[in-house]
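The structure displayed is predicted, hence computed values, not measured ones.
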Amino acid sequence: MKRLIPFSLILLLILVASALPAFAQKTDLLSPEESLWLKSRNNTIVVYPSENSPPYSYKNSAGNPQGLAIDYLELIAEKIGAKIQYLTPRPLHQVLNDIQNGKGDVVASVTPDTDEEQSLIFTDNYLSSPAVIVVRKDYDKNSGLNLNDFDGKRVAVVNGSGLEAYIRINYPRVVLEEGTDDEVVLQQVVLSEVDAASMDVASLSYILSKQV
């Protein structure tokens, strides 16, 4: 059964194109139904952030959530006069499992797949970030790769991610190895525990920038 959460209040990170500017320019941002829902919740939206999905949602050194998705949520909350209550950040697969069982109102950052679309409501898309394949420099072929090159080989992906679901459906011969976050799956490549990893380029760029 779908959770009946007001559409305008569900801010889930979907990797396509920005729709926020048009949204932010409206003078009346909420429908009467949405306003009533927000009022019934004491003007508070409970957000469930991922603990290590940079640059979208992650914990800072103080253990507080930050990232691009958090910034978007804070901006929208300010515009609609709402308060945000953050739950303790957890790995993505745990966040998705918990929110589908009624814990929290909003996921800070996630790419949809078929299963999630049956139980969650998504906003319009507002960001584009292509997925890439990552291999070691000594891999026998390190350019012009696509997922067809990994039939029978191990590819690490984030557990619960839309990318994991996409590969399972479209590339069933790829042997998927699940990790809790992109940093973990990238480390699996470095340690030769897998043949490759797949993740979005924004996450990869962020992780590599922190290692310089």
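Tracing side-chain contacts under 4.5 Å through hydrophobic residues (I, L, V, M, F, W, Y), one reaches Met199 starting from Val201; they form part of the same cluster. A continuous path of Ile, Leu, Val, Met, Phe, Trp and Tyr side chains, each step under 4.5 Å between heavy atoms, connects Leu120 with Val46, placing both in one hydrophobic cluster. Hydrophobic clustering (side-chain heavy atoms under 4.5 Å, transitive across Ile, Leu, Val, Met, Phe, Trp, Tyr) keeps Val184 apart from Val135. Both Tyr139 and Ile133 are part of a single hydrophobic cluster, where members link through side-chain heavy atoms under 4.5 Å apart. Val157 and Leu145 fall within the same hydrophobic cluster, where Ile, Leu, Val, Met, Phe, Trp and Tyr residues are linked whenever their side-chain heavy atoms come under 4.5 Å apart, directly or through other members.
Judged by distance alone, the side chain of Asn64 and the main-chain N or O of Lys59 form no donor-acceptor pair under 3.5 Å. Side-chain atoms of Arg154 come within 3.5 Å of backbone N or O of Glu193 as a donor-acceptor pair. Put simply, the side chain of Glu34 gets close to the backbone of Ser31: a donor and an acceptor are under 3.5 Å apart. With hydrogens and angles ignored, the 3.5 Å screen pairs no side-chain donor or acceptor of Asn42 with any backbone N or O of Thr44.
Taking all atoms of both residues into account, the shortest heavy-atom contact from Ala108 to Pro49 is CB-CA, 3.8 Å. Taking all atoms of both residues into account, the shortest heavy-atom contact from Val158 to Val185 is N-CG1, 4.1 Å. Pairing each heavy atom of Leu163 with each of Ala131, the nearest pair is CD1-CB, 4.1 Å. Residues Gln188 and Gly179 share a closest heavy-atom pair of OE1-CA, 4.4 Å.
Judged purely by distance below 3.5 Å, without hydrogens or angles, the side chains of Asp200 and Tyr206 never pair a donor atom with an acceptor atom. For Tyr58 and Glu51, the side-chain atoms include no donor-acceptor pair closer than 3.5 Å.
To the nearest 0.5 Å, atom CG of residue Leu96 and atom OG of residue Ser50 are 7.0 Å apart. To the nearest 0.5 Å, atom CG of residue Asn60 and atom CD of residue Gln66 are 4.5 Å apart. The CD atom of Glu177 sits 11.0 Å away from atom CD of Glu164, with the distance rounded to the nearest 0.5 Å. The line from CG of Leu73 to OH of Tyr86 is 5.5 Å long, rounded to the nearest 0.5 Å. Note: Lys79 NZ to Leu30 CG = 12.5 Å, rounded to the nearest 0.5 Å. A distance of 9.5 Å separates OH in Tyr171 from OG in Ser198, rounded to the nearest 0.5 Å.
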Are Glu183 and Asn52 close enough, and set up right, to give a side-chain contact (heavy atoms from CB on, under 4.5 Å), and what steps lead you there? CA-CA 8 Å; Glu183 192 169 3; Asn52 194 23; 3.3 Å; yes
Would Tyr166 and Ser161 count as a side-chain contact (heavy atoms from CB on, under 4.5 Å) here? Give the steps. CA-CA 9 Å; Tyr166 173 81; Ser161 66; over 6 Å; no
Check the pair Leu38 / Ile45 against side-chain contact (heavy atoms from CB on, under 4.5 Å), numbers first and verdict last. CA-CA 8 Å; Leu38 189 58; Ile45 305 170; 3.9 Å; yes
Is there a side-chain contact (heavy atoms from CB on, under 4.5 Å) between Asp195 and Val155 once you walk through the steps? CA-CA 6 Å; Asp195 299 291; Val155 176; 5.7 Å; no
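With contacts defined as side-chain heavy-atom distances shorter than 4.5 Å, the pair Asp105/Arg41 qualifies. Two residues are said to be in side-chain contact when any heavy atoms from C-beta on lie closer than 4.5 Å; Ser53 and Asp182 fail this criterion. Using a 4.5 Å heavy-atom threshold, the side chains of Tyr48 and Ser57 count as separate. The closest side-chain heavy-atom distance from Ile167 to Leu147 is below 4.5 Å. In this structure, Glu74 and Ile84 have side chains that are in contact, with non-hydrogen atoms separated by less than 4.5 Å. Side-chain contact between Val47 and Leu87 is absent, with no heavy-atom pair separated by less than 4.5 Å. Side-chain contact check for Val95 versus Val107: some heavy-atom pair is nearer than 4.5 Å. Residues Val134 and Leu186 meet the side-chain proximity criterion, which asks for heavy atoms closer than 4.5 Å.
Under 4.0 Å is where a charged nitrogen must lie from a carboxylate oxygen, and between Arg168 and Glu178 at least one such pair does.
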